[in-house]
Number of protein chains: 2
Amino acid sequence: MNIKPELCRVDDALDIIVGKWKPIIILHLLKNGTMRFGELKRSIPEITQKMLTKHLRELEEEDVINRVVYPEVPPKVEYSITEYGKELEPIMVAMHEWGTKHALRKQQKTIENRG
Amino acid sequence: MNIKPELCRVDDALDIIVGKWKPIIILHLLKNGTMRFGELKRSIPEITQKMLTKHLRELEEEDVINRVVYPEVPPKVEYSITEYGKELEPIMVAMHEWGTKHALRKQQKTIENRG
DNA sequence: CTGTATCCAAGGGGATACTG
DNA sequence: CAGTATCCCCTTGGATACAG
């Protein structure tokens, strides 16, 4: 460990990533590049409009995503990951991998306790 | 991106890491290996006893740390990172690095807006 | 289609006092 | 020394209705 705990910036990263649906929003945009509001909504069936809007605004505020409004009727709004936001990918991958192991581990523990 | 958003396990990792003082607790134990309760408390001056206890219990529950009680008076309790918990280090490092950039970026933005 | 506005419940976290 | 026990506030997020 070469990170000094007192000087650590882990929380700065967590502040951006944490939010019930933020990781999955980021993953969708990392994967697809650009998506419309409704497209995201359909990709994440459980999310409410309110939370999708709120999370998107917060991610935009932190320069993780871009928001482009087309002045049409009906409205069309496209969201895309920024170059900067793309740098979150290694973190996502590392967490996904650790999370996969962890889920497996918990599952095995449950089985042991049953037997 | 080879992670399918619908099958993503990022949240499983976040569930373990998120908590006001959890990252810093993990970093201290990654760095020092083994620490006593009071030693951790002194290393994180702002934390309350209640939250330190709560976070330590949760991390123990997830096998990220070990808790060893020495039956002495006064009591002595030692916490240490598990081998499994050590696997969180790459995530911590990745988040710290991104977080450092992000903090710098926000700082520059503030300066721009002042000018 | 892409949002706002409002109300409400759950729980995370702080302050403080007490204990074996 | 290493915790518990209470009380209390604030934020997060869900449900629902409305709007340009």
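So you know, we letter chains A, B, ... as the sequences are listed, proteins then strands, and number each from 1. Side chains are part of it too, since the values below use all heavy atoms of this structure and drop only hydrogens, waters and symmetry mates.
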Sugar-phosphate only, base, or nothing, as touched by B:K41 at under 4.0 Å among non-hydrogen atoms: nothing

Touch class at under 4.0 angstrom, heavy-atom based, for B:R42 against every strand present: nothing

B:L14 and B:V10, any side-chain heavy atoms less than 4.5 Å apart: yes

Net bend of the helix from C:dC1-D:dG20 to C:dG20-D:dC1, end axes of five pairs each, nearest 10 degrees: 50°

Under 4.0 Å protein heavy-atom contacts per nucleotide of nucleotides 5-20 of chain D, with B for base, S for backbone only and - for none: -B------BBB----B

NZ-CD distance between A:K54 and A:E58, expressed to the nearest 0.5 angstrom: 4.5 Å

Aromatic plane relationship, A:F37 with A:Y79 - under 30° parallel, 30 to 60° tilted, over 60° perpendicular: tilted

Touch class at under 4.0 angstrom, heavy-atom based, for B:Y70 against every strand present: nothing

Any A:R36 side-chain N or O less than 4.0 Å from OP1/OP2 of C:dG3: no

Cationic N near anionic O, under 4.0 Å, A:D12 to B:K106: no

CG-CD1 distance between A:L88 and A:I81, expressed to the nearest 0.5 angstrom: 6.5 Å

Worked check of salt bridge (charged side-chain N to carboxylate O under 4.0 Å, His left out) between B:E83 and B:K86: CA-CA 5 Å; B:E83 286 305 309; B:K86 282 182 190 165; 2.9 Å; yes

Phosphate-side-chain proximity, A:R57 and C:dT4, N/O vs OP1/OP2 below 4.0 Å: yes

